[in-house]
Amino acid sequence: QVQLVESGGGLVQAGGSLRLSCAVSGRTFSIYNVGWFRQAPGKEREFVAAVSRSGATTLYADSVKGRFTISRDNAENTVYLQMNSLKPEDTGVYYCNPIESMINRNALHAWGQGTLVTVSS
């Protein structure tokens, strides 16, 4: 059974940066493409970024392109999301999850607790 533990969230002013981490346990980590998602208050969960099994391919939602960078360390079973130039609209709970594919980004496992990011204006 895969377990997902997100961390690194917090309160930051607009224009600031945060680095989120996602620890994945329970299966061979390197077999998964992994995505980051977020859910703002009162809104549906949305896709943010994805990284392929090897880390060679990344994808981003248009709203974060050029500001966020996803990466992974297969030796540490961890995926990262570096978030720069944060905006108030980036506020939400951030989740990670292995995904079906880089095209069909459906989550494969139960969601973790997520980590809360709050960006003040």
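For this chain, numbers begin at 1 and follow the sequence in order.
With Tyr32 as the aromatic partner, Arg53 does not meet the cation-pi criteria of under 6.0 angstrom to the ring centre and within 45 degrees of the ring axis. For Arg72 and Tyr80, the positive end is not near the middle of the six-membered ring at less than 6.0 Å and at most 45° from its axis. Remark: Arg105 is positioned above the aromatic ring of Phe47, its terminal NZ or CZ atom under 6.0 angstrom from the ring centre and at most 45 degrees off the axis.
Considering all non-hydrogen atoms of both residues, Cys22 and Trp36 come closest at CB-CZ2, 3.5 Å. Taking all atoms of both residues into account, the shortest heavy-atom contact from Tyr95 to Glu6 is CA-OE2, 3.5 Å. When all heavy atoms of Val12 and Gly16 are compared, the closest pair comes out as CG2-CA, 3.8 Å. Scanning both residues, Ser52 and Asn33, for their nearest heavy atoms gives CA-OD1, 3.1 Å. Nearest approach of Ser121 to Ala14, heavy atoms of both residues: CA-CB, 4.4 Å.
At a threshold of 4.5 Å between non-hydrogen side-chain atoms, the residues Gln82 and Ser17 count as touching. Between Phe68 and Asn84 there is no side-chain heavy-atom pair separated by less than 4.5 Å. Ile99 places none of its side-chain heavy atoms less than 4.5 Å from the side chain of Val34. A 4.5 Å side-chain heavy-atom check between Asn97 and Leu4 finds at least one atom pair inside the cut-off.
Distance check: Thr91 OG1 to Leu116 CG gives 8.0 Å after rounding to the nearest 0.5 Å. With values rounded to the nearest 0.5 angstrom, Gln113 atom CD is found 12.5 Å from Ser7 atom OG.
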Tell me, with the steps shown, if Leu81 and Arg19 meet side-chain contact (heavy atoms from CB on, under 4.5 Å). CA-CA 6 Å; Leu81 187 68; Arg19 189 192 195 205; over 6 Å; no

Evaluate Thr58 against Tyr60 for side-chain contact (heavy atoms from CB on, under 4.5 Å), listing each step before the verdict. CA-CA 7 Å; Thr58 56; Tyr60 298 93; 3.5 Å; yes

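For Arg38 and Glu46, the salt-bridge test passes: some basic side-chain N is under 4.0 Å from an acidic carboxylate O.
Under a hydrophobic clustering in which Ile, Leu, Val, Met, Phe, Trp and Tyr are joined whenever their side-chain heavy atoms come within less than 4.5 Å, directly or via other members, Leu11 and Tyr94 fall into different clusters. Two different hydrophobic clusters hold Val24 and Phe37 under the rule that ILVMFWY side chains link at heavy-atom gaps under 4.5 Å. Follow the hydrophobic side-chain contacts under 4.5 Å out from Leu59 and you never reach Val51; the two are in separate clusters. Hydrophobic cluster membership is shared by Val48 and Val119, with clusters built from Ile, Leu, Val, Met, Phe, Trp and Tyr side chains linked at under 4.5 angstrom. Under the 4.5 Å side-chain contact rule for hydrophobic residues, Ile31 and Val79 share a cluster.
Remark: the backbone N or O of Gly9 is paired with a side-chain donor or acceptor of Thr115 at under 3.5 angstrom. Using modelled atom types, no side-chain atom of Ser63 and backbone atom of Ala61 make a donor-acceptor pair closer than 3.5 Å. Using modelled atom types, no side-chain atom of Thr28 and backbone atom of Ser30 make a donor-acceptor pair closer than 3.5 Å.
Evaluation of the side-chain hydrogen bond (donor to acceptor under 3.5 Å, both in side chains) rule for Lys43 yields no partner, not counting sequence neighbours. By the side chain to side chain contact (heavy atoms under 4.5 Å, CB included) test, Arg67 is found to be paired with Val64, Ser85, Lys87, Asp90, residues two or more places apart in sequence or in another chain being considered.
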